[in-house]
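Okay, so here's the structure we're looking at.
Both ligands and their constituent atoms are indexed starting at 1 by order of listing.
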Amino acid sequence: MAEIKRVGVCGCGLMGSGIAQIAATAGCEVVILEAVQAALDRGMSGIKKSLDKFVEKGKSGDGKPFTAADRDAALARITTTTSIGDLKACDLVIEAVVENMAVKKELFAALDALLAPHAIICSNTSSLCVIEMAAATKRPAQVAGLHFFNPVPLMKLVEVVKTIVTSQATIDVLYAFAAKVGKTAVLAQDTPGFIVNRLLVPYLLYAIRVFEAGLASREDIDEGMKLGCGHPMGPLTLLDFVGLDTTYFIAEIMFDEFKDSMMAPPPLLKRMVLAGYLGRKSGRGFYDYAGAGPK
Ligand code: NAD
């Protein structure tokens with residue numbers, strides 16, 4: 001297939017808005033589909049703010065020079081809709097809606113019925129089985145995972161996820177698209193956690209176990225991994241960023257698939273989630289964010 005020119009993005013939340021932003025900045029025409037207008041308004045205002053910051057800095061997330069004219073051109077390439085029919089002319093659609101298989105399968109089937117035969121459909125899922133979404137379509141060889149990282153405009157990696165039926169031609173197109181939007185692609189198999197979360201989640205869960213067992217204070221666990229391993233932040237701080245509920249959800253899916261005790265959510269994680277201690281987004285996780293900073 002020729003180059004990807006028109007990209008559809010489903011969902012304009014945290015991830016979808018970032019994906020739409022980098023695709024438009026790279027010169028693609030972008031159509032964003034949302035379930036609700038309010039989410040489109042929120043997402044577009046986030047995109048504008050992010051692009052304004054790049055204009056201030058004079059460079060975009062991938063370090064390329066970035067001007068007010070670049071921002072205006074990127075914004076002009078984005079259109080928004082709440083009607084799926086407007087995605088019809090897209091060469092590639094990236095789904096970034098809620099992490100719910102039933103919702104994703106329904107969307108994949110509707111996209112399959114709508115899109116031209118050459119179009120590729122991808123999911124940005126962090127933990128769900130991509131082949132299950134592919135099986136809801138009549139083009140499973142043209143379905144893959146395209147797993148971006150948060151915040152999308154700044155994080156350099158994308159995991160291209162190959163199911164057991166994704167074609168090499170599809171993978172080649174996605175690698176070219178990743179390069180176009182300034183990301184480095186790595187190839188992962190369609191198993192829970194792909195590469196990064198398969199390694200990261202057991203590490204984060206183990207940090208909770210060390211804390212839960214009273215082996216060290218939260219500050220010392222974080223300081224230890226920062227200074228001892230050169231990580232930009234410690235595991236408990238990172239958990240607060242990611243969200244304890246999100247981590248719990250992914251750990252449950254990974255444990256369910258692998259039955260490996262390394263992936264089982266520790267009791268403390270479950271209890272913190274039940275208590276509403278979800279991390280930064282709820283004002284409290286391993287640290288307290290209600291005041292000026294972590295306490
Ligand atoms: P989010 O809740 O911020 O956004 C999801 C958006 O999808 C919402 O605005 C919602 O209105 C919209 N939506 C729901 N159903 C829809 C439908 N049928 N059609 C169109 N829009 C619909 O979620 P998010 O954090 O952006 O996550 C989206 C996806 O990306 C999930 O699959 C998640 O696993 C994955 N992901 C998230 C992260 C992260 O750090 N948050 C990282 C990588 C991947």
Should one rank [options] by closest heavy-atom distance to [atom], which comes out on top?
{"atom": "atom 5 (C) of ligand 1", "options": "G18, C10, G43, A96", "result": "A96"}
{"atom": "atom 4 (O) of ligand 1", "options": "S127, G13, G145", "result": "G13"}
{"atom": "atom 31 (C) of ligand 1", "options": "T125, V97, N100, N124", "result": "V97"}

Is a side-chain donor-acceptor pair under 3.5 Å present for [Y] with [X]?
{"X": "T82", "Y": "E34", "result": "no"}
{"X": "S126", "Y": "E99", "result": "no"}
{"X": "Y277", "Y": "D245", "result": "no"}
{"X": "T237", "Y": "D240", "result": "no"}

Please list the nearest protein heavy atom to [atom] with its residue and the distance rounded to 0.1 Å.
{"atom": "atom 6 (C) of ligand 1", "answer": "E34 OE2, 3.5 Å"}
{"atom": "atom 3 (O) of ligand 1", "answer": "L14 N, 3.0 Å"}
{"atom": "atom 18 (N) of ligand 1", "answer": "V103 CG1, 4.0 Å"}
{"atom": "atom 40 (O) of ligand 1", "answer": "N150 CB, 3.4 Å"}
{"atom": "atom 20 (C) of ligand 1", "answer": "A35 N, 3.5 Å"}
{"atom": "atom 26 (O) of ligand 1", "answer": "M15 N, 2.8 Å"}
{"atom": "atom 2 (O) of ligand 1", "answer": "V98 CG1, 4.7 Å"}
{"atom": "atom 36 (N) of ligand 1", "answer": "S126 OG, 3.2 Å"}

Exam field: side chain [X] to backbone [Y], donor-acceptor pair closer than 3.5 Å:
{"X": "R218", "Y": "F286", "answer": "yes"}
{"X": "N100", "Y": "V103", "answer": "yes"}
{"X": "K88", "Y": "A116", "answer": "no"}
{"X": "K180", "Y": "I4", "answer": "yes"}
{"X": "T137", "Y": "M133", "answer": "no"}

**Asked** Given the protein's heavy atoms, is any one of them under 4.0 Å from atom 23 (O) of ligand 1?
**Response** no
**Prompt:** Can you check whether a protein heavy atom sits less than 4.0 angstrom from atom 11 (O) of ligand 1?
**Reply:** yes
**Request:** Would you check whether E99 has a nitrogen or oxygen atom less than 3.5 angstrom from a nitrogen or oxygen atom of ligand 1?
**Result:** yes
Can you list the atoms of ligand 1 that are under 4.0 Å from a heavy atom of [X]?
{"X": "L33", "answer": "20 (C), 21 (N)"}
{"X": "H147", "answer": "43 (C), 44 (C)"}
{"X": "A39", "answer": "9 (O)"}

Are more than 12 heavy atoms from other residues, nucleotides or ligands located less than 6.0 Å from atom [atom1] of [X]?
{"X": "L274", "atom1": "CG", "answer": "yes"}
{"X": "Y206", "atom1": "OH", "answer": "no"}
{"X": "K259", "atom1": "NZ", "answer": "yes"}

**Complete:** Short version for F149: what comes under 4.0 Å of ligand 1, heavy atoms counted, is neither
**Message:** I'd like to know if K104 contacts ligand 1, where contact means a heavy-atom distance under 4.0 Å to any ligand atom.
**Reply:** yes
